There are 2 protein chains.
Amino acid sequence: MTREVPTPRGTTDRRRERVTIRAVAARAGVSAMTVSNVINRAGRASPATVAAVRAAVEELGYVPNVVARRLARARATTVGVLYAGERTPFLDAILVGALRATNARGLQLVLYHEEQLSLDAAEGAVLSLARSGADALLLVPPFAELLCDSAVLAELALPVAAIATDQVAPGMSTVRIDNRAAMADLTALVVARGYRRIALVAGRRDYSVSAARIAGFQDALAAHGLPSEAGLIVEGGFDVASGEAAARRLLARDVRPDAIMCSCDDMAAGVIAEAHRRGLRLPHDLAVTGFDDTMVAARMWPSLTTVYQPAEEMAFRATEQLIGAGDGDLVANDLIVAHTIVERESTASLRAVIT
Amino acid sequence: MTREVPTPRGTTDRRRERVTIRAVAARAGVSAMTVSNVINRAGRASPATVAAVRAAVEELGYVPNVVARRLARARATTVGVLYAGERTPFLDAILVGALRATNARGLQLVLYHEEQLSLDAAEGAVLSLARSGADALLLVPPFAELLCDSAVLAELALPVAAIATDQVAPGMSTVRIDNRAAMADLTALVVARGYRRIALVAGRRDYSVSAARIAGFQDALAAHGLPSEAGLIVEGGFDVASGEAAARRLLARDVRPDAIMCSCDDMAAGVIAEAHRRGLRLPHDLAVTGFDDTMVAARMWPSLTTVYQPAEEMAFRATEQLIGAGDGDLVANDLIVAHTIVERESTASLRAVIT
DNA sequence: CTGAAAGCGCTAACAT
DNA sequence: ATGTTAGCGCTTTCAG
């Protein structure tokens, strides 16, 4: 219990008096502008002043007020994220990555959830995002596909970045992995573990990554001299239920596949559930793989062999690219980041399991 | 391809000219101040002016600039979230909830990740959060426990809210479920499904919810006349690995439990993995339950019976409470939200499974 | 009930 | 190399 003393310091004591740029300026014996220069532009002040200002900043514990900064600056200050569908672990990772990036620069992140997947709806979403202050856009699949030719979006002339897509469009930055190569790598692993009748639960057709992954799958089969049977590729909807449905179809075949690869972890969860339900012993009777390496991959059993797509990192990079676009030239560029094959228990080699 | 015409409108065309409050004022034939009044304070303007302003806002598509608003206002404008440990589905849900709440009011959300779980570290984190502009704090477990008696935090005099905790402290708002009742309800369900030797993988001791859940577990056992055997309660660390470890201990006992309840979904995932590994048939040989109903619960097999703790909603509410605390009186209050028992396959009744 | 003045904290653009 | 002036868009007094 501290004694109730009439507040001695300052006028109102309402909040701990913020240290402003003027306080620093006074302390360092320079003008506010000089402090600003020291902080923001390198080599605009003499070494002596820089030192003095730095010292003052240190002593006072000054941290620039991001709000004031944003108001004064002309550059982009709020990034809008446009996404659709249910929240998934993959999406959450993206949101957190974008949030970290905006946090780092004191910018605002605005979420917009649009359920409809039509061009009209997407354009409406973009418009209201722009209206509520977004001056840069981060697109989550499948909005890059939807908006790549949008006149409305072009008219707005905002920097736009799309993530986890295979749709590269002019005027739109992209941050993605090489989906085709990733799926080929993963398929090669499954083959190496001894599986031969390999099925694929592909993603939705309107997501550009889906086709790339199918191509990678077929690349690898061909490379290993395995036949690519049309019936062993079925289309899913990227969710658990569609994985279960696909597994039901695949496992009802006369000759069952001995491995089912999936275009996302959630569908793999569905496949695994269905396999368990039918009493199959995993991974001996059936290997399963996912894609993305979301948080669920290591939490199911058998733990899931999958491709790590660094969603959070990708969102972070894309957001930084968006932010950077404010001052520099806003060239759209296409960044391909590394993926990683993560081998877990769901593809344990046939031999190893028998042992 | 649109023709390249010298931009006719405005000076620079740099950005789509923002509609400012002054534009609206001009359109409505009033002063900027009146527009502000119409928007922010009810009943401060005559019905006629209100109508005129509303019309002007509508026609121009005016949306207030949140940055300018925040700079001008005195109230809380940036909420800091203090969290620790690995990112989990539960934590992500909290972050998204908080983000939605700040978005709704045009405020900033700042994340701070502190790995150390000591009072000193926590106070340091709070301080640097405050320094970087946070004027309200959202505490994720176990920071409420850590900081409830902190003099540093008290000195700062910021509104603070803690979420998903059982630690209610004066001067700190809380949003939580009734953990004891929730665990009792869930235990009652397990008993009702025919399981009798029920074990519990409790949470870490330094999280206040852990004790409450143990109490609820014991309440229910007592209510049903079942003995509470000390050896059947083991402490876990809220992660998958600790769930596996706990399952190893529990399943190695002479008389195996027929159900293992866990204080979070992740530990349940670990228990399920270990049970599968030992060749147990789930849920017949062993029922498992989780807690939280995170996104993994429905993605494992058997799908997990658990308690839905509305993490996103709780974070949203807590953040709103924090924001509201800015203008009104900052009374700390303790909000208990409803939990829901979610029954899935992991506790299918013994009879049903045998059929 | 309405509006004029002043300024939140910072940074362009221009002097000096 | 440094400082002056002006103003980002809004809201808080406090007068009319």
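Chain naming here is simple, since letters A, B, ... match the order of the sequence lines and numbering starts at 1 in each. Since this is a predicted model, take the numbers as computed values, not measurements.
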Show me, pair by pair, the donor-acceptor contacts under 3.5 angstrom made by side chains of residues 141-154 of chain A, not counting sequence neighbours?
from	atom 1	to	atom 2	distance (Å)
A:Glu145	OE2	A:Thr165	OG1	3.3
A:Glu145	OE2	A:Ser208	N	2.6
A:Glu145	OE2	A:Ser208	OG	2.6
A:Ser150	OG	A:Glu123	OE2	2.5
A:Ser150	OG	A:Val152	N	3.2
A:Ser150	OG	A:Leu153	N	3.0

List every contact pair, protein side and nucleotides 2-6 of chain D side both N or O, where the distance is under 3.5 Å.
from	atom 1	to	atom 2	distance (Å)
D:dT2	OP1	A:Ser46	OG	3.2
D:dT2	OP1	A:Thr49	OG1	3.0
D:dT2	OP2	A:Ser46	N	2.6
D:dT2	OP2	A:Ser46	OG	3.4
D:dT2	OP2	A:Thr49	OG1	2.7
D:dG3	OP2	A:Ser31	N	2.8
D:dG3	OP2	A:Ser31	OG	3.2
D:dG3	OP2	A:Thr34	OG1	2.6

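- Taking B:Arg87 as the reference, A:Glu312, B:Asp92 meet the side chain to side chain donor-acceptor pair (under 3.5 Å) condition, with sequence neighbours excluded.
- The side chain to side chain donor-acceptor pair (under 3.5 Å) contacts involving residues 23-34 of chain B comprise B:Arg27-B:Glu59, B:Ser31-B:Thr34, where partners must be two or more places apart or lie in separate chains.
- Put simply, B:Arg41 has a side-chain N or O that comes within less than 4.0 Å of OP1 or OP2 on D:dT12.
- Looking at residues two or more places apart in sequence or on another chain, you find no side chain to side chain donor-acceptor pair (under 3.5 Å) involving A:Glu58.
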Show me the side-chain donor-acceptor pairs of residues 48-56 of chain B shorter than 3.5 Å, one per line, residues at least two apart or across chains.
from	atom 1	to	atom 2	distance (Å)
B:Thr49	OG1	B:Ser46	N	3.4
B:Thr49	OG1	B:Ser46	O	3.0
B:Thr49	OG1	B:Ser46	OG	2.4

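- Defining each end axis of the helix from C:dC1-D:dG16 to C:dT16-D:dA1 as the rotation carrying four pairs' C1' atoms onto the next four, with five pairs an end, the two axes are found to diverge by 30° to 10 degrees.
- Here B:Thr174 pairs with B:Asp334 under the side chain to side chain donor-acceptor pair (under 3.5 Å) rule; sequence neighbours left out.
- No side-chain heavy atom of A:Ser173 sits less than 4.5 Å from a side-chain heavy atom of A:Val160.
- Applying the ring-ring contact (aromatic ring centres under 6.0 Å, His included) test to every pair with at least one member in residues 96-130 of chain A, sequence neighbours left out, gives these pairs: A:Tyr83-A:His113.
- Applying the salt bridge (Lys or Arg N to Asp or Glu O under 4.0 Å) criterion to A:Glu86, with sequence neighbours excluded, gives no partner residue.
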Between the protein and nucleotides 6-10 of chain C, which nitrogen or oxygen pairs come in under 3.5 angstrom?
from	atom 1	to	atom 2	distance (Å)
C:dC8	O2	B:Leu71	O	3.4
C:dC8	O2	B:Ala72	N	3.4
C:dG9	N2	A:Ala68	O	3.4
C:dC10	OP1	A:Tyr62	OH	2.5
C:dC10	OP1	A:Asn65	N	3.2
C:dC10	OP2	A:Ile21	N	2.3

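- Residues satisfying the side chain to side chain donor-acceptor pair (under 3.5 Å) criterion with B:Gln167, sequence neighbours excluded, are absent altogether.
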